[in-house]
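This report refers to the structure that appears directly beneath it.
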Amino acid sequence: MESRLTPPHRTQPPGAVMTGALIPSPRSASDQEQTRRRAGRIEDHGMVGNMRSATLIDRDGTADWMGLPRFDSPAHFTSVLGTEEHGLWRVGPAGADGAAPAVADRRRYLDGTLILESTFITPDGTVQLLDFMPPDGEAPQLVRIVRGVSGRVPMRSLLRARPGHGSREPRLSVQGRRASIDLGDGRLWLDTPAPTVEADGDLRSEFTVSEREDVAFTLSWDHGHDAPPPLPDAAGLMKGTADFWRDWIGQSTYAGPHQEAVERCLIILKALTYAPSGAIVAAATASLPEEIGGVRNWDYTFCWLRDSAFVVETFLSCGFVDEARAWVEWLRMVIDDHPEQLQIMYGVTGERDLTEVTLDWLPGHEGSAPVRRGNAAAKQLQIDVYGEVISALYEALLRDASLAPVAGPLITSLAACLEDVWALPDEGVWEVRGPRRHFVQSKVSAWVAFKCAVKTIEAGHAQGPVESWRVLREKIHAEVCALGYDEQRNTFLQSYGSPDLDAALLHAVGTGFLPPTDKRVIGTIEAVQRDLSIEGGFLLRYHTRGAEPGRDGLPGDEGAFLICSGWLITGLAAIERVDEAEILLDGLLSTRNDLGLMSEEWDPRRRRQLGNLPQAFSHLALIRAVLAVHAARGRQEPVRVKATR
């Protein structure tokens, strides 16, 4: 999901309100080295969220990415993309002054929840840090509870809020057990029984926790500046949060191998949903690099229609229909009777202006610059989006016929718009920066769109020119087979007239465009696997060209794209190569961190995660790969379905 390179320039992020002092950019080599020492690796992070926004938390108890009140709000903690001066909130054992923060000896999510538990074993005793964001209420909160397990452990909290993606120092006020942080466009309130003082623009607390003692910190956002929010009940908020997640995941209908991994992925996908509107963001973060030290750093805190459509189909495959209903309503809102103005991505409440800017005061994660916010890909033509969205609408309609009055007209109106653009070259599923091309995956997705539109009309759920769309469907099919297939190599190609292959072809041949027994399907799966596999059997999207700009218009390389591995596993299962699919599934499972989170890409040589975290694409790919292998293994037996509550 690359976006147009923007010339470096210093700018405030959209919507930022100036208050407090500007923080100077780190410039020296020592500053850059400090950044590398400070930043945990991408895979060192856990995520907590409330289906409105999200926080990344490092192994040392540092919240180093958080923006409130929305996923795409300017971040108040941004040290994951810079230095400690760009904002963080660290809670952990005090240790000696100047010593590196203690790293948790064990981390986990409490069963069936998004409550992160980090355990620190120290010479003075053992403590646990419980982090969560309550999913209820309009005022977002981050709650951090320090729980004594044994002994008496000196603890320290350092809260350094730096609004505007780390660009400003806010005004602070401390009154008893409540402190406030003036963000300019809102206010943060910190409530804690621990003694708290303001020092050098930070809020600092030092305290000791004993066995069976809880010390809670609650950080609440509010859009106002005068009336403070009610005093929080941290224990009650934790119980409500645990109950919410356990009740939700209890609705899953999947019961089979790797059930725990599937349910963790489902929880992450739910957490990437913006509950007030039903939109689903591509990832919780921005500008985490696809290549350490490289320039492929993009903002994924928006709702891509393609990504969200894939997520909706994944939810439906595991029995979650409410999420599909909410997404359909959101889609109706953003289209607003003007399907001809369709964008490939939007803000979570339908914003169309996602102007891309460079935040040049941030040195980037491990020196990976530029850091970008916004995304210029919003203005691209990506024809496959029509097919992905129509397919998800059709699947939702099949699961819930009550959606027909909304989903049916959306399907036919989008198909009518597709009539005018399907034959054009486009930027494709990977949002290339080079010239537009006739991507085979885009054309196959157009075929899917008209196939679903015809079925929708035939079922009586909408009206439209069914006969002409049947003809157009067959025309697209014939064109792809004639212009997008290399008979000598027995494989479909990335684009018409090009010898290159593309892992997106695996998705294309898995749409039902041809039966899995067709030699062209088998040949494409084998050719893509042969041409794009790297160490560990993982797949590149396509071949990049290193330092010189490749055919995607960008310099540098990237890791293995994890959704491509999911497509390969699903394809192998479909052509009955189940043993091989299971081996590769084990590899895909191994890319998760200790908490079960997956980023966008994987470096198999260094065994490191790359790109934004957590990434919806990767988690849905794992779910669908597990389901495909499970179904292939049990074709002679009905798939077991867990009873719903």
Side-chain angles (χ1 to χ4, degrees), residues 1-2 39-47 56 58-59 80 258 261-262 264-265 268-269 272 282-298 300 307 310 365-366 368 429-430 501-504 506-507 528-544 546 552 554 556-572 580-626 628-629:
M1 286 181 211
E2 296 124 2
R41 301 170 302 174
I42 293 170
E43 59 267 27
D44 288 336
H45 291 87
M47 184 200 77
L56 289 194
D58 205 343
R59 292 180 183 273
V80 72
H258 308 296
V262 168
R264 176 55 50 197
C265 289
I268 295 302
L269 294 177
L272 294 176
T285 55
S287 273
L288 290 178
E290 297 173 12
E291 179 184 28
I292 300 299
V295 302
R296 296 169 181 255
N297 316 313
W298 315 110
Y300 282 6
D307 302 44
F310 286 168
H365 182 81
E366 297 194 48
S368 306
V429 62
W430 304 129
L501 298 183
D502 186 327
L506 299 172
H507 173 60
V528 169
Q529 184 178 22
R530 186 168 54 246
D531 188 61
L532 297 177
S533 286
I534 59 176
E535 183 176 337
F538 297 98
L539 289 187
L540 301 173
R541 294 187 293 174
Y542 46 77
H543 287 296
T544 51
D552 61 5
L554 294 164
D557 292 310
E558 59 185 21
F561 229 71
L562 292 180
I563 194 172
C564 300
S565 290
W567 288 336
L568 176 59
I569 293 164
T570 302
L572 290 171
E580 186 177 0
E582 282 194 330
I583 292 170
L584 294 179
L585 176 58
D586 287 343
L588 186 58
L589 287 161
S590 75
T591 68
R592 299 173 299 157
N593 70 3
D594 58 315
L595 297 171
L597 303 190
M598 303 169 75
S599 65
E600 183 177 35
E601 301 182 16
W602 176 250
D603 180 343
R605 186 167 63 87
R606 297 179 177 85
R607 298 196 64 77
R608 290 198 57 179
Q609 292 185 351
L610 296 169
N612 286 304
L613 175 87
Q615 178 83 7
F617 261 177
S618 301
H619 291 83
L620 69 88
L622 179 58
I623 294 170
R624 291 163 80 159
V626 169
V629 171

State, yes or no, whether a side-chain contact exists between Ile563 and Leu620 at a heavy-atom distance under 4.5 Å.
yes
Roughly how far, to the nearest 0.5 Å, is [atom2] of [Y] from [atom1] of [X]?
X	Y	atom1	atom2	result
Leu610	Ser368	CG	OG	9.0 Å
Phe310	His507	CZ	NE2	3.5 Å
Ile292	Asn297	CD1	CG	9.0 Å
Leu269	Gln615	CG	CD	10.5 Å
Asp44	Leu595	CG	CG	10.0 Å
His543	Asp557	NE2	CG	11.0 Å

Could you walk me through whether Leu622 and Val262 pass the side-chain contact (heavy atoms from CB on, under 4.5 Å) check?
CA-CA 7 Å; Leu622 179 58; Val262 168; over 6 Å; no
All side chain to side chain donor-acceptor pair (under 3.5 Å) counterparts of Asp603, not counting sequence neighbours:
Arg606
Kindly write out the residues that satisfy side chain to side chain donor-acceptor pair (under 3.5 Å) with Arg592, not counting sequence neighbours, or none if the list is empty.
none
Could you tell me which non-hydrogen atom of [X] sits nearest to which non-hydrogen atom of [Y], and how far apart they are?
X	Y	value
Gly40	His365	O-CE1, 3.0 Å
Leu562	Ser618	CB-OG, 3.6 Å
Leu572	Ala581	CB-CB, 4.0 Å
Gly46	Leu597	CA-CD1, 3.8 Å
Ala625	Leu588	CB-CD2, 4.4 Å
Asp502	Tyr542	OD2-CD2, 4.4 Å

Using modelled atom types only, decide if a donor and an acceptor are shared between the side chain of Glu43 and the backbone of Arg608 within a distance under 3.5 Å.
no
N/O donor-acceptor pair under 3.5 Å between Asn593 side chain and His45 backbone
yes
Please enumerate all residues that pass salt bridge (Lys or Arg N to Asp or Glu O under 4.0 Å) together with Glu582, with sequence neighbours excluded.
Arg633
Among all residues two or more places apart in sequence or in another chain, which pass the side chain to side chain contact (heavy atoms under 4.5 Å, CB included) test with [X]?
X	value
Cys564	Trp430, Ala503, Leu539, Arg541, Phe561, Trp567
Ala560	Ile534, Phe538
Ser599	Ile42, Gln609, Leu613

Stepwise, does the side-chain contact (heavy atoms from CB on, under 4.5 Å) test hold for Glu290 with Thr544?
CA-CA 12 Å; Glu290 297 173 12; Thr544 51; over 6 Å; no
Given the rule in the side-chain contact (heavy atoms from CB on, under 4.5 Å) test, do His619 and Leu272 qualify, once you have shown the distances and angles that lead to the verdict?
CA-CA 11 Å; His619 291 83; Leu272 294 176; 5.8 Å; no
Could you go through Asp307 and Phe617, starting from their C-alpha distance and side-chain angles, then the distance that decides it, and tell me whether this counts as side-chain contact (heavy atoms from CB on, under 4.5 Å)?
CA-CA 7 Å; Asp307 302 44; Phe617 261 177; 3.6 Å; yes
Residues Arg296, Glu601: salt bridge by 4.0 Å N-O rule:
no
